[in-house]
Amino acid sequence: MSTIDTLLDGIPIPRMIKVLQAFDRPRVLDVESELIRKVRDSGVLAKVKPGHKIGITAGSRGISALPQMLKSLVSEIKRAGGEPFLFPAMGSHGGATPEGQRDMLIGMGITEEVVGAPIRATMETVEIGTSENGFPAHLDKYAYEADGIVVVNRIKPHVAFRGKCESGLMKMIVIGMGKQKGADICHELGFGKMAENILSIGRVTLAKSNIICGVAILENAYHETAQLEVLAREEIPVREPVLLEEAWRLYPKLYFEQLDVLIIDEIGKDISGTGFDTNVVGRYHTPFVSGGPAITRIAGLDITDRSHGNANGLGILDFTTRRAFGKFDFENTYPNSLTSTVPMSVKIPMVLKNDRHAIQAAIKTCNILDKSKVRLARIKNTVALDEIAVSENLLPEVRASRHLETPGEPHVLAFNDQGNLF
């Protein structure tokens with residue numbers, strides 16, 4: 001028995017109880033039909049002429065029903081006489097290589113067969129202008145050569161800065177379509193200047209590129225499509241701040257202001273840019289954001305397969321497992337951090353041999369005297385918060401909240417022979 005085993009094996013893990021969290025749930029029931037209707041009503045594709053090559057952005061986030069939305073856009077562009085293609089618009093993700101970015105799309109179910117159009121991946125860009133604060137605007141080479149661009153992205157709060165436009169269409173225009181070079185330039189002065197850079201560089205790209213329109217997506221707290229808007233090019237910087245306010249209203253959360261321990265079953269780039277949504281857990285990697293619950297220790301147990309070894313965000317946590325560490329691919333992870341200029345998010349936390357020890361280490365170090373009274377919560381990831389689990393000592397708070405209910409009884413966490421959760 002090792003010293004680590006001796007220190008951790010005796011740490012009690014509390015019984016847990018399933019809890020359902022309730023959020024507002026506006027949703028689009030038929031995403032494809034709704035998007036087609038919005039595209040036609042907007043008239044934005046009237047500019048598309050027979051034979052026009054039209055590029056559609058495809059990002060790295062796990063947006064609900066994104067393959068179906070892209071398929072619908074492809075269909076509508078073909079209906080207008082255009083020849084659509086998809087291009088990865090994800091900055092430095094996928095190891096900052098065309099092959100890596102294409103693989104990320106395939107991992108999210110975005111393939112040429114599904115969407116009905118070719119995927120053209122390159123890291124080459126064309127410099128199309130300079131912003132008022134002196135930064136060059138870069139644009140994906142294939143997009144630059146196209147007759148038009150349709151920008152598609154989810155509008156949501158960013159995990160590292162605050163501004164009028166955070167994660168959304170403007171960021172996609174500057175960083176996603178700017179590829180690694182565009183992302184590198186926008187991040188050069190850090191996240192403290194990010195809000196300013198996105199708007200100033202974005203205005204250049206909007207003015208000097210062939211962007212036709214944007215498709216803005218809002219999701220509810222259940223990771224479902226809540227709203228779709230099709231915006232003409234000039235509407236994008238005006239409408240996006242309004243949609244960001246609505247995204248905040250729909251945002252998921254943990255209905256506990258203070259926890260000793262949080263267990264996150266999985267993190268990944270398909271979940272959030274930092275592997276998990278820092279706004280949800282109140283743990284940040286830059287000084288430009290704050291808020292959320294106060295959580296003493298956080299353990300992340302695994303990395304999603306869709307993340308392709310990108311372990312960005314692991315360094316913000318306190319503990320992880322050998323299973324997750326074994327998936328840590330430096331070539332797929334470090335380019336993201338080198339580009340964003342934030343090394344903290346890719347540091348290596350304490351690595352424990354299995355899930356049991358990671359949980360016990362978090363409990364042991366959470367600085368409470370009576371470990372049996374630990375306030376502990378467990379979530380699958382930060383986009384699946386409608387069903388969580390909490391230690392049974394939180395049951396009075398659950399029963400007192402109009403947002404929470406529990407359908408079950410307390411249970412003991414079940415581990416397999418390797419000490420990992422079933």
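Values in this document were obtained by computation on a predicted structure and should not be read as measured data. For the single chain, residues carry numbers from 1 onward in sequence order.
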> Does CE belonging to Met108 count more than 12 external heavy atoms closer than 6.0 Å?
Replying inline: yes

> Passes salt bridge (Lys or Arg N to Asp or Glu O under 4.0 Å), Glu245 versus Arg249? Steps please.
Replying inline: CA-CA 7 Å; Glu245 291 182 14; Arg249 189 185 72 79; over 6 Å; no

> Roughly how far, to the nearest 0.5 Å, is CD1 of Ile348 from CZ of Phe328?
Replying inline: 5.5 Å

> If you count the non-hydrogen atoms of other residues, nucleotides and ligands that lie under 6.0 Å from OH in Tyr144, is the total more than 12?
Replying inline: no

>> I'd like to check Leu376 versus Met16 (side-chain heavy atoms, cut-off strictly below 4.5 Å). Are they in contact?
In response: yes

>> Minimum heavy-atom separation for Pro252 and Leu385, please, with both atom names.
In response: CB-CD1, 3.7 Å

> Less than 4.5 Å apart, any side-chain heavy atom of Leu139 and any of Ile149?
Replying inline: yes

> Hey, what do you get for CD (Glu224) to CG (Leu250), rounding to the nearest 0.5 Å?
Replying inline: 11.0 Å

>> Give me each pair satisfying ring pair (Phe, Tyr, Trp, His ring centres under 6.0 Å) with a member in residues 193-242, each pair once, sequence neighbours excluded.
In response: Phe23-Tyr222

> Do you know the tightest heavy-atom contact between Ala358 and Leu301?
Replying inline: CB-CD2, 3.9 Å

> Quick one: ring pair (Phe, Tyr, Trp, His ring centres under 6.0 Å) partners of His52, sequence neighbours excluded?
Replying inline: none

> Do the non-hydrogen side-chain atoms of Ile56 and Leu70 ever get within less than 4.5 Å of each other?
Replying inline: yes

>> Test your reading of the model: is there a side-chain donor-acceptor pair from Asn354 to the backbone of Asn420, 3.5 Å cut-off?
In response: no

> How about Pro241 and Cys165: do any of their side-chain heavy atoms sit closer than 4.5 Å?
Replying inline: yes

> After noting the C-alpha distance and the side-chain angles of Glu219 and Lys156, does the key distance pass the side-chain contact (heavy atoms from CB on, under 4.5 Å) rule?
Replying inline: CA-CA 8 Å; Glu219 289 188 346; Lys156 67 185 291 290; over 6 Å; no

> So, the side chain of Gln101 versus the backbone of His93: is there a donor-acceptor pair under 3.5 Å, distance only?
Replying inline: yes

>> Tell me if a side-chain donor or acceptor on Asp265 pairs with a main-chain N or O of Lys380 at a distance below 3.5 Å.
In response: no

> Quick check: does any side chain N or O of Thr274 sit under 3.5 Å from a backbone N or O of Phe276, one acting as donor and the other as acceptor?
Replying inline: yes

> Hey, is CD on Glu145 packed in by over 12 heavy atoms from elsewhere, all under 6.0 Å?
Replying inline: yes

> Counting only heavy atoms not in Glu257, do more than 12 sit closer than 6.0 Å to its CD atom?
Replying inline: no

> Within the distance-only criterion (no hydrogens, no angle test), does the side chain of Arg356 pair as donor or acceptor with the backbone N or O of Phe415 below 3.5 angstrom?
Replying inline: no

> From Leu206 CG over to Ile173 CD1, what is the distance, rounded to the nearest 0.5 angstrom?
Replying inline: 4.5 Å

> Distance-only, no hydrogens or angles: does the Asn210 side chain make a donor-acceptor pair with backbone N or O of Ala146 under 3.5 Å?
Replying inline: yes

>> What's the separation between atom CD1 in Ile198 and atom OG in Ser131, rounded to the nearest 0.5 Å?
In response: 12.5 Å

>> One thing to verify: whether Asp302 and Lys327 come together as a salt bridge, which I'm taking to mean a side-chain N less than 4.0 angstrom from a carboxylate O.
In response: yes

Side-chain donor-acceptor distances from residues 285-296 under 3.5 Å, at least two apart:
residue	atom	partner	partner atom	Å
Thr286	OG1	Ala160	O	2.8
Thr286	OG1	Phe288	N	3.4

> After noting the C-alpha distance and the side-chain angles of Leu228 and Ile217, does the key distance pass the side-chain contact (heavy atoms from CB on, under 4.5 Å) rule?
Replying inline: CA-CA 5 Å; Leu228 290 170; Ile217 305 160; 3.8 Å; yes

> Backbone N or O of Leu218 within a donor-acceptor pair of the Gln227 side chain at under 3.5 Å?
Replying inline: no

> Only one of Arg239, Arg37, Lys38 forms a salt bridge (Lys or Arg N to Asp or Glu O under 4.0 Å) with Glu229, so which one is it?
Replying inline: Arg239

> Which heavy atom of Leu231 sits nearest a heavy atom of Leu169, and at what distance?
Replying inline: CD1-CD1, 4.0 Å

>> Pair Lys269, Asn336 - check side chain to side chain donor-acceptor pair (under 3.5 Å), show working.
In response: CA-CA 10 Å; Lys269 291 296 289 187; Asn336 201 183; 2.5 Å; yes

>> Run the salt bridge (Lys or Arg N to Asp or Glu O under 4.0 Å) test on Arg120 and Asp140 for me, step by step, so that the C-alpha distance in whole Å, both residues' side-chain angles and the decisive distance to 0.1 Å come before the verdict.
In response: CA-CA 10 Å; Arg120 297 176 181 168; Asp140 177 286; over 6 Å; no

>> I want to check something: taking the side chain as every heavy atom from C-beta on, are Asp9 and His357 in contact at a cut-off of under 4.5 Å?
In response: yes

> Going by the side chain to side chain donor-acceptor pair (under 3.5 Å) test, which pairs reach into residues 62-80, not counting sequence neighbours?
Replying inline: Arg40-Glu76

>> As an exercise, state the distance from CD of Glu405 to NZ of Lys18, rounded to the nearest 0.5 Å.
In response: 10.0 Å

>> Under the criterion side-chain contact (heavy atoms from CB on, under 4.5 Å), I'd like the reasoning laid out for Ile388 against Phe256: C-alpha separation, chi angles, the key distance, then a yes or no.
In response: CA-CA 12 Å; Ile388 67 173; Phe256 298 92; 4.1 Å; yes

> What pair of heavy atoms forms the shortest contact from Ser337 to Pro343, and how long is it?
Replying inline: OG-CA, 3.3 Å

> Do other residues, nucleotides or ligands put more than 12 heavy atoms under 6.0 Å from the CG atom of Asp305?
Replying inline: no

> Looking at Gly116 and Val74, what are the two nearest heavy atoms and their distance?
Replying inline: O-CG1, 3.6 Å

>> Heavy-atom count check: over 12 atoms from other residues, nucleotides or ligands less than 6.0 Å from Lys47 NZ?
In response: yes

> What's the shortest heavy-atom distance between Pro84 and Gly82, and which atoms?
Replying inline: CD-O, 3.4 Å

> Does a salt bridge link Glu112 with Arg102, judged by any charged N lying under 4.0 Å from a carboxylate O?
Replying inline: yes

>> In the structure I gave you, are the side-chain heavy atoms of Arg378 and Leu421 within less than 4.5 Å of one another anywhere?
In response: yes

> So, do Tyr255 and Val390 sit near enough that their side-chain heavy atoms are less than 4.5 Å apart?
Replying inline: no

> Any donor-acceptor pair under 3.5 Å linking the side chain of Thr278 with the backbone of Val159?
Replying inline: yes

> Checking Asn220 side chain against Ala226 main chain: does a donor-acceptor pair fall under 3.5 Å?
Replying inline: no

>> Between the side chains of Lys49 and Asp147, is the shortest nitrogen-to-carboxylate-oxygen separation below 4.0 Å, so that they form an ion pair?
In response: no

>> Enumerate the ring pair (Phe, Tyr, Trp, His ring centres under 6.0 Å) contacts for residues 153-172, please, sequence neighbours excluded, ordered by first and then second residue.
In response: His158-Phe161, His158-Phe191

>> I'd like to know if the side chain of Glu196 reaches the main chain of Lys193, judged simply by a donor and an acceptor atom lying under 3.5 Å from each other, with no hydrogens or angles considered.
In response: no

> What residue pairs, at least two apart or across chains, pass side chain to side chain donor-acceptor pair (under 3.5 Å) with a residue in residues 308-318?
Replying inline: Arg283-Asp318, Asn312-Ser345

> Once you round to the nearest 0.5 Å, how far does CE of Met69 lie from OG1 of Thr225?
Replying inline: 3.5 Å

>> Does Val115 form a side-chain contact (heavy atoms from CB on, under 4.5 Å) with Ile110? I'd like the steps, not just the answer.
In response: CA-CA 7 Å; Val115 302; Ile110 300 170; 4.3 Å; yes

